[in-house]
Every structure is written in C-alpha cells, then in structure tokens.
Amino acid sequence: MPDRYDLPANFRWGAATAAYQIEGAVEEDGRGPSVWDTFCARPGAVRDGHSGAVACDHYHRYAEDIELMRGLGLDGYRFSIAWPRVLPTGRGAVNPAGLAFYDRLVDALLEAGITPLPTLFHWDLPQALEDSGGWLDRDTAHRFADYTAVVTDRLGDRVPAWITLNEPFVHTVYGYALGIHAPGRTLMFESLPAAHHQLLAHGLAATVLHDRGLEVMLANNLTPVEPATGSPADAAAADAYDALHNRLFTDPVLLGRYPDLSALGVPDDLYGAIHSGDTELIHTPGLDALGINFYNPTRVAAPTQPDLPFDLVDIPDVPHTAFGWPVVPEALTRLLLTLRDRYGQALPPLTVTENGCSLTETTTPDQPRIDFLSAHLHALARAVAEGIDVRGYYTWSLLDNFEWAEGLLSQRFGLVHVDFATQKRTPKASYAWYRDVIAAHRGR
Ligand code: IFM
C-alpha cells in the first residue's frame, strides 16, 4: 500500500532543480560565464575540483529528464533560468539561443502536462556583473528587473508563476560573508548590502511580473531556531540568529520593514545600503505565495568566540544526512505554525519549494531518503490540519546534481541516480515511492 498524506485534493506535487547544478553546456550557444564558473576554477574551492561544466548535461538531455518527470506524474517542475545564458554579460544584448533553450523546455514541459515554475536567480550571476560589484552594487538590482522583463516577455504567455530569488540568505552568507560559495567574498556582516540589493531586486522584479499579470513567489531557506538551553544568553543568541537567517529575508517582503539586527552589531541602514523608499519597493508589490526551502532546524548557543554573536551547535540523538544535517521532521510543522504566528494576515499561501536529503554515492539502499520525505510530508500534513494554507511540495531534487562546494559525488539528493561518467539516469527506490504517493493522492 503506498503512503497517504492528508493534504488538500488540489495539492500540487513537484520536483526541483537549478540551472548551474544540472545544465552543463557552460560554453555553448553564447552563454556567458557566471560567478560559479569562475569560482570552480579557483584551486581548492570545490571538492575534488569539480564544476558544473557538464553536471547532468540537462541542456542536451532535457527531453529524457522530462520523461522521468512524466513517469513520476508531477504537476509542477521547479527549475532555474541561467541569467548568463539569456544575457551573457548580465545586461544589454539578449542571446537568442539562450532564451530559445528555455522556450523549448517550457513547451516540452507543457506538452507533458507539467506546469513550469522557473526561478529567475539561483546563484549563477553573470561574471560581468560581479566584475562591477555583483550584489554589493545597487545597480545589479535594476539589471535583474531588466532581465526579468526580457525573460517574461518571451515565456510569460505560458508560465503563470515565477520565483524571483532562491535562498538569498544562503547566497549572501555563503557567497559574500564566508566565501564558501561563489563569488567567494569573506566580508562577514559587511556582506549585508548584498542581502538588501537582492531583496530590492526581488521587489523591482515583482513589479515587472505583476505588470504582466504573473504571480510572484520568493524561495527562502527557513529554519526554526531553538536555543541550546533555557539560559537567557542562549535565548538571546537564538533570537539574533533567527533575525539574521529568517526574518531579514522575510520581514521586509511581508511587513515592509527590516528586523532589528543591533544584537549583531549591524547598523539599521545595513552599512548605508538602504535608501529612502527601498522598503516600500520591496514590500508594496506583494507576494502571491511564499516558497519555503526546508532542510533542518538550527540549534543556537551563546558565543564562545568573540567574532560572532552566536554558536551553531549540533542536534544530537537524531539521524543526520550525508551533509551532517539533523533530521527533525516535526520542525517543519513548527516552522509553518511560527510563520502564521509571526505574520498573521500578511502571510500569503505557502509552497514547499525544496525539501530533501543527501545520501552518499550509492543508488541503493535509498530507504533513508524515503523515510525523510515521508516524515516531512506527514509533518506538512499536520500543519495543514492546523489550518496552514500549503499549496504544493517540490522535492529537492529530481536528479543527483552538482552540489556547489561539495561537488558532484558526495551529496546525492536525487530521486534519480546520475552516473556522471556516462550520464546514465537510474531511478532510485525513492522515485518509485514518490510516483506511488502522487498516484495514491490523486486516486483518493
Ligand atoms: O542544492 C541546494 C540548492 O541549490 C539550494 N537549496 C539547498 C540545496 C541542498 O543543499
């Protein structure tokens, strides 16, 4: 008997990927270089010296991958559009061959009965824009709005809903604060103008999308934050981390104001980045749905070192993924209930835009992934039973893919195994399980 979950009859089932993680073909058909091409060439930046130069070769094999999606019975497919494929230098002349790829992809998805859900920015900034400051430069937000207009003029007749940004928290902190991801800057809190400029880009793009009658989403990586102990010092550290990880990227969009970051020693204007009228630009267009990328909760303790106002500590006594992330499905229920408490009427409908688990380089056994997904779907159903409006679930990921600084092999998130030497796709046990879950839900 396939697993059943108490989710709404019109609940949408999906899977997610991102351009640099699957497409490959980085030098084909006029694509310009992105920050990730540059970063991967830096010795030691990515495990085993891997890159997304070929990845899953999805650029050439998208038809085969859509057949895999059709086999799952997906309602929706979340993918990202590579800005440097469409505008090789991030601005100015459009690359017709790059746009044509997404045109073919969208048509093939629709032909398979799958609704495309594109993300406009999933971390692969055109290198030319990085060379003029990247997300530290306010102008990048305006170039993003122009890029949004180019893409939606071409695809907006067939694609109803759009995600502006993927996980601006991760891109800011890993890319600009800690240097673990491209573009590899190590600015610590002085990276926060990059957060503001991404949010501004979101707001400007949201206006472009709404002007065209399209729906706007934002995919935030959210984590319930728990203090390590009941001590006031741990509680204060947890609040500070919650403001940085969760509220910084959601409050301006839903409430039109930034959270208080003074406990982090960050000035109110984010080092001069926030100009008068910016929070209105971010907030006023509104959000039609909030995308939630959920992987794990975060336990926080008072700092033991002087350079950060918190320590992130492990959650012991629970399973951990290959990444070492704690598996705590009930934290998803808690997260969704907290969002309702925090934002009330300002909270739009929700969609889980990513959720999944990395295992090591084996096709089988795949049972830990099934257990992970199943437990999270039950946790989601519990939130729905409490009255939270969750419209869909996109598992991360359809395919094993290029997991950023971890390279190609160590963190396999796919329902489908990819042999990167041969490009052979092999559906895993979780693929059959997810297919049966979707079918059972429809048959109820
Ligand atoms: O692979 C990433 C994805 O690009 C963004 N969200 C988290 C995933 C797993 O690390």
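Remember, it's 1-based here, ligands and their atoms both numbered in the order they're listed.
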Considering only heavy atoms of His122, which atoms of ligand 1 have at least one such atom less than 4.0 Å away? 3 (C), 4 (O), 5 (C)
Do ligand 1 and Glu354 have nitrogen or oxygen atoms that lie under 3.5 Å from each other? yes
Are the ring centres of Phe402 and Phe420 closer than 6.0 Å? no
Paired with His181, the ring pair (Phe, Tyr, Trp, His ring centres under 6.0 Å) test is passed by just one of Tyr20, Phe39, Trp36, namely Trp36
Ignoring hydrogens, just give me the one of Phe402, Phe413, Trp404, Tyr295 whose non-hydrogen atom is nearest atom 8 (C) of ligand 1. Tyr295
So for ligand 1, is Trp123 a polar contact partner (N or O within less than 3.5 Å, distance only)? no
Does an N or O from Trp325, backbone or side chain, lie closer than 3.5 Å to an N or O of ligand 1? no
Find all atoms of ligand 1 within a distance of less than 4.0 Å from any non-hydrogen atom belonging to Glu167, and give their numbers and elements. 5 (C), 6 (N), 7 (C)
Which protein non-hydrogen atom lies closest to atom 10 (O) of ligand 1, naming both residue and atom, and how far is it? Glu403 OE2, 2.7 Å
Testing the 3.5 Å rule here: is there a donor-acceptor pair between the side chains of Glu354 and Tyr295? yes
Using modelled atom types and a 3.5 Å cut-off, is there a donor and acceptor pairing between side-chain atoms of Ser358 and backbone atoms of Thr321? no
Residues in ring-ring contact (aromatic ring centres under 6.0 Å, His included) with Phe189, at least two apart? none
Within the 3.5 Å criterion, strictly below it, is a donor on Arg425 or Gln423 matched to an acceptor on the partner's side chain? yes
Find all atoms of ligand 1 within a distance of less than 4.0 Å from any non-hydrogen atom belonging to Asn166, and give their numbers and elements. 5 (C)
